[in-house]
Amino acid sequence: MARTATYQQAINEALAQEMERDETVVVMGEDVAGGLGTDGERDAWGGPLGITKGLYGKYGDRVMDTPISESAFIGAAVGAATAGLRPVAELMFIDFMGVCFDQIFNQAAKFRYMFGGKAETPVVIRTMYGAGLRAAAQHSQCLYPVFTHIPGLKVVTPATPYDAKGLLIQAIRDNDPVIFCEHKGLYTLEGDVPEEPYALPFGEANIVREGDDVSIVTLGRMVHVADEAASALANDGIECEIVDLRTTSPLDEDTVIETVENTGRLVVLDEAHPRCNMATDIAAMVCEKAFDSLKGPIKQVTAPHTPVPFSDTLEDLYIPDAAAVQKAVKAVMESSK
Amino acid sequence: MQLSRDELLKAYTTMRTIREFEERLHVEFATGEIPGFVHLYAGEEASGVGVCMHLDDRDRIASTHRGHGHCIAKGCDVDGMMAEIYGRKDGLCAGKGGSMHIADLDKGMMGANGIVGGGPPLICGAGLAAKQLGTGGVAIAFVGDGGSNQGTTFESLNLASVWNLPCIFVIENNGYAESTSSKWSIACDDAADRASGFNMPGVVIDGHDFFAVYEAAGEAIKRAREGGGPSLLECKLNRYYGHFEGDAQTYRGPDEVKKLRESRDCLAMFRERVTEAGLLDASDLDAIDSEAEAQIDGAVAKAKVAPPPTAADLLTDVYVSY
Ligand SMILES: Cc1ncc(C[n+]2csc(CCOP(=O)(O)OP(=O)(O)O)c2C)c(N)n1
Ligand SMILES: [Mg+2]
């Protein structure tokens, strides 16, 4: 019988197995172990949600706590990656990219191309994103489209524990900088996760559910929202095909085009803000490359163009839900030939 | 610096109100009714109050994620704050900000901040505006020991110095950033040592002692108001609760907080000092204790039944909604 684990355990296990396999893999970030310099327990935290807990006990000084100096330590991870290490740096909340963005998009992302192919920067930046924890405007954003915009970065958004482990192992083995985006609403999600190490290739979307009526292309936590909507729609006789992009960069255009060719109808579901996000990107790509397969207009379901509100009432309204997806799917059905 | 009876009463009232606010939130958070992250300021009151006692509405402060105390010290409405923390429509930020983003610009409170190191650059701007507009105002950034290591903090210290701004950087060193000791994270002995590199005065203060903070802040603020430029104050103090509510705090030594509460409590120290000197009677202080408790009871009761925002509120306060 397959072993089950949570998304959080899957990430921890991927880190542990890669540290075991390759001693150039190091982990760094604020309180990734914790308790440094105190009278109490060392490895007291494992990050604010305990994701890296236990690694310090196994790998000691290869698990490095940092001062609150993101520009310096994210940059140090990037620099170390060009000089023989494979750092996995934790940028606690994706929102904090504002503090250290230069080191990511002007430095890490550019080296390989700008230096004429001579540089490799095998760094992983793990970071949590997404709304739903009442964490308000500066701790809840879905900023993966910003990274996706930048050539040279790879961007990963696992939706399941299985994918989290396999994609993180791939990220660590990859020779390009990878922004590994963990949805904080998924950490406790359980699923089948093989115990042995395995890598899932980037740029291969996953068909999570098959159906012939409408395609829903989505990613991250929204995969589960799509699935909930699809189950409800199946009761009304509408069969949805759900595509989980898994990585936004590289992007698996072929699978998206194939599903549109199959169903002729498309809903794109993205938790990010509505302008210049994955939904607009996918919609544009489909219009350009599979327009003739479309039986009607595409619908996008996204968060509104506002910062993430604090109040639980507002945040629940803010996050795209299954009802919104069902409505969009029905609208697409009605407006198509 | 001699404080009048009224000023002493005000100082104690403000510190006690903050303490009551935070102790009560600790209890209420445990019931699960309060959403999100809550970082409590209990134990650190003498710092926020000792500094803000010198300020008026011309003056601006920028706070941190641990912002409730600074808000109260700068005059934010306590009911409005509590309602905000409960995510209510009549909260200070209409329920849109929450604990980490309470602000009231009319009171010169530029916001708690979810980004460590977010405040100091803003404070350079507030100081610049005060200087250019000739308001006589000063601008104060509260920064944690952890936040003192952020690049934005260093850049702001330098900018404030080269622009000769009326800014004060108050580093509240409570010994920890999350679970990491400031003894480890700060490379020099005291964060205040860094001030000399930016050519400004740097002072280490016992942050449990209201009078010590009041005095040092008074000097720095006076100098800034008179065009003498920025200062750095490092208040050494302690937090009584975890980094955020829910933190198991296994990184702290056994009985650490218990001992601190017994020996270094800013409210107890204040009480002892003013009653021994015959400045205030114990009964004055007891009355304030009861009033603060009643005030916070009222604030919590109101917040609990206050209406949440409505669906329409989601799309307001932003220039465009798609
Ligand atoms: C840019 C940024 N990095 C990290 C964090 C996460 N974080 C929030 S509070 C905190 C510790 C802050 O420590 P300190 O400045 O000493 O303030 P204290 O909590 O002790 O009041 C950290 C790391 C953040 N909010 N923003
Ligand atoms: Mg601190």
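Values below: every heavy atom of this structure, side chains too, minus hydrogens, waters and symmetry copies. First the proteins, then the strands, lettered A, B, ... as listed; each starts at 1.
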Neighbour count above 12 (heavy atom, 6.0 Å) for A:Lys184 NZ: yes
For the interface with chain A, which of B:Thr153, B:Ile186, B:Thr152, B:Asp247 has the highest count of heavy-atom pairs at distances below 4.5 Å? B:Asp247
More than 12 heavy atoms of other residues, nucleotides or ligands under 6.0 Å from NZ of A:Lys53: yes or no? yes
Could you give the distance from CZ (A:Phe310) to OG (B:Ser99), rounded to the nearest 0.5 Å? 7.0 Å
Here the pair of heavy atoms bringing A:Asp31 nearest to B:Ala177 is OD2-O, 3.6 Å
B:Lys304 NZ: over 12 foreign heavy atoms closer than 6.0 Å: yes
What part of B:Thr310 is in contact with chain A, defined as an atom under 4.5 angstrom from a non-hydrogen atom: side chain, backbone, both or neither? backbone
With a 4.5 angstrom heavy-atom cut-off, is it the side chain or the backbone of A:Thr302 that approaches chain B, or both, or neither? neither
Shortest non-hydrogen contact from A:Ala44 to B:Thr250? CB-OG1, 3.4 Å
Check each atom of A:Thr313 against the heavy atoms of chain B and say whether the ones under 4.5 Å are side chain, backbone, both or neither. side chain
Rounded distance (nearest 0.5 Å) linking atom OG of A:Ser69 with atom CD of B:Gln150: 6.0 Å
Using non-hydrogen atoms only, which part of B:Thr180 is less than 4.5 Å away from chain A: side chain, backbone, both, or neither? both
Approximate separation, where rounding is to 0.5 Å, of B:Tyr319 OH and A:Thr306 OG1: 11.0 Å
Could you tell me which portion of B:Ile34 (side chain, backbone, both or neither) has an atom closer than 4.5 angstrom to a non-hydrogen atom of chain A? neither
Tell me, side chain or backbone of A:Glu70 under 4.5 Å from chain B's heavy atoms, or both, or neither? both
Nearest heavy-atom neighbours spanning B:Ile115 and A:Phe96: CD1-CD2, 3.6 Å
About how many Å separate CG of B:Asn113 and CD of A:Gln138, when rounded to the nearest 0.5 Å? 5.0 Å
About how many Å separate CG of A:Asp39 and CZ of B:Arg252, when rounded to the nearest 0.5 Å? 10.5 Å
Name the option with the most non-hydrogen atom pairs under 4.5 Å to chain B; the candidates are A:Glu30, A:Arg42, A:His273, A:His139. A:His139
Under a 3.5 Å distance rule, please check whether A:Ser311 uses its side chain to pair with a backbone N or O of B:Gly95 as donor and acceptor. no
What part of B:Phe154 gets closer than 4.5 Å to chain A, counting heavy atoms only: side chain, backbone, both or neither? neither
Tell me, out of B:Lys89, B:Gln249, B:His243, B:Arg88, who's got the most heavy-atom pairs with chain A below 4.5 Å. B:His243
Using heavy-atom distances under 4.5 Å, tell me whether B:Asp317 contacts chain A through its side chain, its backbone, both, or neither. neither
Nearest 0.5 Å, please: how far is OH in B:Tyr251 from CG in A:Leu36? 13.5 Å
If I compare all heavy atoms of A:Ile68 with all of B:Val116, which pair ends up nearest, and what's the gap? CG2-CG1, 3.6 Å
Given side chains that start at C-beta, do those of B:Glu178 and A:Met92 come closer than 4.5 Å, heavy atoms only? yes
Angle between ring planes, B:Phe244 versus A:Trp45, binned at 30° and 60°: parallel, tilted or perpendicular? parallel
Tightest non-hydrogen contact, residues A:Gly34 and B:Ser179, listed as CA-OG, 3.1 Å
